[in-house]
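Please read these numbers as outputs of a predicted model, since none were measured by experiment. Indexing begins at 1, ligand by ligand and atom by atom, following the structure's order.
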Amino acid sequence: MKKTGDHYDAIVIGAGPAGSTAARRLAQTGLQVLIAEQRQSVGDHVQCAEFVPRMITKYAGLRSIDVAQQVNGIKTFINGETASVVRAPGYVLHRCRWDKELADAAVAAGANLMTGVRAVHVNGSVVTLLCGGEQQEVTGTFILGCDGPRSLISKQLGNKQGETCIALQRELTLVKPLNYAEIYFDPAWYGGYGWVFSKGTTANVGLAVHTSHTGRLKELLTDFCRTLVARQIVQAITGAATTGGLIPSGGLVQCLANRHMLVAGDAAGCTHPITGGGIMNAVVSGQLAATAVMQAIAQGNEQLAKSYTAAIQAEYGRQFAIAGERLASRNQEWTGNNAEFATLIRRSWITFPEYYMQ
Ligand SMILES: Cc1cc2nc3c(=O)[nH]c(=O)nc-3n(C[C@H](O)[C@H](O)[C@H](O)COP(=O)(O)OP(=O)(O)OC[C@H]3O[C@@H](n4cnc5c(N)ncnc54)[C@H](O)[C@@H]3O)c2cc1C
């Protein structure tokens, strides 16, 4: 049976960094906001390597207990050799805890959070939520799709599923802590890269590849971990569980908003096409989404698509267009020849000057 529920000024689907940020801002202005999150508890099973640039503190609060470790920058390895060491301070987060805090802040601002509730259908202002086997309808003047890389709302806006990488990760015990976030490139990892992000005594060790290589990902990650054991970076591989997921790599979705609906964060393709970094962008796009909704309330719904699209394009349009070009030519020219591969990566990875010189 379908229950008909309440009306909200804004319904935010997804309590990741994008959704909680947007919901908090909207609730702070006195709007009635509902956050619908399919997980039983916010932050449960977050699939993430948890590295953020220090600049994130400009946009979101970070408490010391949210930070597993500070790192000085990024070390890049190509074909097993150190290729660059760049100072770019950042943090490896406890995302599970931080995501919860962001959602708590939204609730403290007045948002209504429902967990264990999945948005399954949207028709105009009506959102159908599936909750414990029962359907419930709620209505919203504005609907914000902050529902990650397989976004229902993005589809509703007419967007096709964009390009993605597929990632797999395990948390392994380090031989000793690392002061830099480590990035690895290898010709066997088509379209992606490996990482070791130190969290004190352990590290997130992961690998992302183009989705065409999904079938080999587990085996490739095991090989990568074995190499790290041999190099005495991590201790013996134990039964650590793997996590993983999709990382958008196709850039911004074509339609970011209409007159009452928008997408933010991964749902909007706000993940950097080359690095896969999307945490800070989720926060920033969540803020821009809230601002656009408030403008639409003040100036009329027809402003929503225009102002939000302009804001997101100004923030990411050029940066992502360049990254998309670099990624496309890298994937096209991918080679097993080590020397050529090193040149290719230098032209297409953000820590090398060659990336910016084309
Ligand atoms: C393995 C991996 C490693 C990564 N490492 C990094 C990294 O080191 N640094 C970085 O910056 N980025 C990283 N990313 C990307 C980063 O995790 C995302 O960009 C970021 O989480 C996006 O935030 P979001 O709020 O848009 O979406 P999400 O964090 O995905 O949140 C979306 C929320 O919506 C909920 N949801 C989805 N559909 C529905 C529905 N129908 N109804 C209700 N709720 C729904 C989900 O349960 C989820 O809680 C990584 C991604 C992966 C997969």
Ignoring hydrogens, just give me the one of [options] whose non-hydrogen atom is nearest [atom].
atom	options	answer
atom 16 (C) of ligand 1	Gln40, Arg95, His121, Gln38	Arg95
atom 40 (C) of ligand 1	Ala264, Ala119, Gly265	Ala119
atom 31 (O) of ligand 1	Gly277, Gly16, Gly148	Gly16

task = Would you check whether Ile247 has a nitrogen or oxygen atom less than 3.5 angstrom from a nitrogen or oxygen atom of ligand 1?
result = no
query = Under 3.5 Å between some N or O of ligand 1 and some N or O of Cys48?
reply = no
Other residues, nucleotides and ligands only: do more than 12 of their heavy atoms fall within 6.0 Å of [atom1] on [X]?
X	atom1	answer
Gln32	CD	no
Gln254	CD	no
Lys155	NZ	yes

What do you reckon, does [X] put a non-hydrogen atom under 4.0 Å from ligand 1?
X	result
Val52	no
Gly206	no
Arg118	yes
His272	no

query = Mind checking whether Tyr193 and Phe185 have parallel, tilted or perpendicular rings, split at 30° and 60°?
reply = tilted
